[in-house]
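Letters A, B, ... are given to chains in the order of the sequence lines, protein chains preceding strands, and every chain is numbered from 1.
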4 protein chains.
Amino acid sequence: MNLPAKSPSASETRHRILDAAEVLFVEHGFEATSMRMITGAARANLAAVNYHFGSKDALIQEVFRRRLTELNRQRLAALDRLEADAGGAALKPSRIVEAYFGTALQLAADTEHGGHTFMRLLGRTYTEPNAFIRKFLAEEYAGVLERFRAALYRALPDVPREEILWRFHFMMGAMSYAIAGTDGLQLFAGRFDDADPVRLMPRLMSFLLGGLRAPLAGFEQACDDQPGRAAA
Amino acid sequence: MNLPAKSPSASETRHRILDAAEVLFVEHGFEATSMRMITGAARANLAAVNYHFGSKDALIQEVFRRRLTELNRQRLAALDRLEADAGGAALKPSRIVEAYFGTALQLAADTEHGGHTFMRLLGRTYTEPNAFIRKFLAEEYAGVLERFRAALYRALPDVPREEILWRFHFMMGAMSYAIAGTDGLQLFAGRFDDADPVRLMPRLMSFLLGGLRAPLAGFEQACDDQPGRAAA
Amino acid sequence: MNLPAKSPSASETRHRILDAAEVLFVEHGFEATSMRMITGAARANLAAVNYHFGSKDALIQEVFRRRLTELNRQRLAALDRLEADAGGAALKPSRIVEAYFGTALQLAADTEHGGHTFMRLLGRTYTEPNAFIRKFLAEEYAGVLERFRAALYRALPDVPREEILWRFHFMMGAMSYAIAGTDGLQLFAGRFDDADPVRLMPRLMSFLLGGLRAPLAGFEQACDDQPGRAAA
Amino acid sequence: MNLPAKSPSASETRHRILDAAEVLFVEHGFEATSMRMITGAARANLAAVNYHFGSKDALIQEVFRRRLTELNRQRLAALDRLEADAGGAALKPSRIVEAYFGTALQLAADTEHGGHTFMRLLGRTYTEPNAFIRKFLAEEYAGVLERFRAALYRALPDVPREEILWRFHFMMGAMSYAIAGTDGLQLFAGRFDDADPVRLMPRLMSFLLGGLRAPLAGFEQACDDQPGRAAA
DNA sequence: CATGAATGAGACTTCATTCAT
DNA sequence: AATGAATGAAGTCTCATTCAT
């Protein structure tokens, strides 16, 4: 099984280009990655990108589309399952957050099929200056975000909706940076002995939910300011 | 002090270039911002950048240096004050976080003198792929981070050090994205009626501390999963 | 005859390519018309041109050949008829000019079957810099021009032969430009309310014959310098 | 005198590029002339065209502008002189034609400073398919043509204005082709022993005026159909 | 008879940088 | 202190063409 696809319609070159581009985009960024670098790494002709995708921009778009379509499909499926299980009752916010960020973290933990690579790329791209990329990313996300936004509104009826959006925003930032920034800047170079993406999940999820549950205004709650110890 | 800058070494052209570059770097990124764009916006000769700074990379470095030096000086000063006030006792973690992130948020709230612009740039740069930029940013931060890391270790003696680093990491991500991503991707386009950077501060701070205080492992704490209401 | 073209050698794709190429060549020129444009407009595969014609140059050649062969056949037939009618006597120069240019103008008046399109293309091609095109056009014309040159020599025995050639040259220029330039440059934009190619014929023919009959050297003939009014 | 201009502001490279481009455009056409060919011939760097002109199109435009401005200035000056001499009386049509076409032919006779080269280029360009070139040529000509059109209308008050425009059109065609086509297609290859552009002038002028004076409609005027012999 | 995939060559343009002035 | 001219390298993209199917 898993024989190399010989069918020309599956265009094996096309896939090699997408894979090579994904890796190089993470490593050097979109602008600094030249078509020559991509086709070189993909063992393809320089003109192959334009032949298969039309332009560099279209290639970038396809790199995202093939992964995001699947990721967001899984996110929606997870949310569907939650709602089906709840049977009309309001969902627990933590479950919603898990459905959204857990799915992404699972993809980020996949180091075998490029999932980790892609999530690093995606994390960085949220602050991408290129207008074209921003635009189609927003379009690609529109549907999913709408669903999760509505779910959170229902789950947190007493929280001002604007605050919900902000916290969702903060959570996305924490996750993006956690994934994209770790191998990048390495501000605490050498100190992350354990950058295993698998173990990132519980750490990040705990942080995110802590942030989500934090008191709404001000931060001078009477507390000892120490992380709590989870009940076993 | 504060003499009228008559000195030719203070070269007004130099400042115009730095200001123009800062704005353009935020808008288009480093690679996509050409020397022509910079010198054009700064009403300077194309060769002026190389004349004043030596190279594009050196210009980038200087754009960061002039702001980061001051920002990190303020951070250290805030930490010094805290420690002086505590008189040898352990600091409250929330105060440390305030000293680090509050200072940055104050700069981000300054829309008059380019502070906001710079913080957006800085936020994006944490995930910058360019090796040269990563390297000097790490150097620029080394001292401050060392101090704050040590302070947090002392303030949270019972928390595994690795976990402290991770949470610091998550907090930086949430802040960076909150500042850099807001005007960028706009995933929830049009829904942020209130993107005022001044009001960002309490919101973000509350979220960060919530994350910092979250239970360490797992997230099935017995709680109602709702954000708390701060005591007045 | 007129059997339904079932023969595969008549390949309908071939004709669609020729028709599309003719139109595009007029619109954009040879160099600026790519094989993609041609096969796209002809709803054919990109490789179809090379398959059917061998190369782009061969296609260009065929676009001309299929029309020129017929046009020049008609020209020769008209001249044959004139000579047959004259029964050995010298021909009137105006009849010869009519045989040559009138035939072309008739083709140019055919807007139904691409004749107009082709004549615009032909008109422009007389000044085509491409060596290959010049060469085969010259060959294609060699026979016809030889016959008409000889006829004019006979019809105008007192006029230096060099002058005859020059005037023939001038006439071709006037006609080419009249056909090719009208829809193109439009120097007098909007002023040609009547660009009907059918009505072009008498106008141009009158001009050509006026030029042909003009005094040979100098131009200070005693005349009122006004166009004559034709006798009804 | 005529020392090589050392001043950098006169940018000698710029002129070399313009001269080289003019020659190559005549020889190969705009599309088939690459920037490499131009800068190669001008002994300049490949980037020099973009530095001095901004783009290939802008270079094309400048090639025309520098010559056409002068040519049309001379045409207007000639017309001004005619009108001044006439002192309010109507001009002879032949004088107007001389002012317009004679000036052009004089430039075409200048083989020393590229005038001949340029006129061949100009002649071909009247049927140029490239929309951009057509547009700016039309603009460049607008003023001159307006003046000459008005002058011809005044000089030929009894001739329908539309007919005047057509004949002007025909004359431009005859001239363009006479200049541009001679060295090009060479339909009568080898037969023009005397292609001397200086001697072209009286020949063409005679033809043009013959066409201008031709009877207006139909061409069956009672005449012997022979070119007249000019009165000495 | 026809086509999808692929390619080598070359197109125009832009880049950061240098240098003489 | 500053600049206009110039350049080598490299960018993306399009070209006509080929070939296995």
Look at the side-chain N and O atoms of [X] and state whether any lies under 4.0 Å from the OP1 or OP2 oxygen of [N].
X: B:S34; N: E:dT14; result: no
X: B:S11; N: F:dA2; result: yes
X: A:N45; N: E:dG8; result: yes
X: A:R36; N: F:dA10; result: no
X: D:T13; N: F:dA6; result: yes

Opposite nucleotide pairing with [N], Watson-Crick or G-U, both atom distances under 3.5 Å:
N: F:dA16; result: E:dT7
N: E:dC12; result: F:dG11
N: E:dT21; result: F:dA2

Which distance, rounded to the nearest 0.5 Å, do you find between the [atom1] of [X] and the [atom2] of [Y]?
X: B:F25; Y: B:R120; atom1: CZ; atom2: CZ; answer: 14.5 Å
X: D:F53; Y: D:L18; atom1: CZ; atom2: CG; answer: 3.5 Å
X: D:M35; Y: D:N45; atom1: CE; atom2: CG; answer: 10.5 Å
X: C:I60; Y: C:F136; atom1: CD1; atom2: CZ; answer: 8.0 Å

Once you apply a heavy-atom cut-off of 4.0 Å, does B:T33 come out as touching a base, just sugar-phosphate, or nothing? sugar-phosphate
Nearest-Å distance for atom pair [atom1]/[atom2], residues [X] and [N]:
X: A:F132; N: F:dT12; atom1: CZ; atom2: C1'; result: 14 Å
X: B:L24; N: E:dA16; atom1: CG; atom2: P; result: 12 Å
X: D:I38; N: E:dA11; atom1: CD1; atom2: C1'; result: 12 Å
X: C:F53; N: F:dT17; atom1: CZ; atom2: P; result: 13 Å
X: D:L59; N: E:dA11; atom1: CG; atom2: P; result: 15 Å
X: A:N50; N: F:dG11; atom1: CG; atom2: C1'; result: 12 Å
X: D:F30; N: E:dC12; atom1: CZ; atom2: C1'; result: 17 Å
X: B:E31; N: F:dG11; atom1: CD; atom2: C1'; result: 11 Å

For B:G54 and for D:M35, find the nucleotide of DNA chain E with the closest heavy atom, then tell me which residue's nucleotide is more 5'. D:M35
Given that C:A48 and A:H52 both sit by DNA chain E, which one's nearest nucleotide is further toward the 5' end? C:A48
Between the side chain of D:T117 and the main-chain N/O of D:V23, is any donor-acceptor distance below 3.5 Å? no
Side chain of C:Y51 (C-beta onward), nearest among F:dA6, F:dG11, E:dC1: E:dC1
Ranking A:A32 and C:M37 by the position along DNA chain F of their nearest nucleotide, the one closer to 5' is A:A32
In terms of the nearest nucleotide of DNA chain F, which residue is placed more toward the 5' end: C:D57 or A:V49? A:V49
Geometric class of the B:F30/B:F64 ring pair [parallel <30°, tilted 30-60°, perpendicular >60°]: tilted
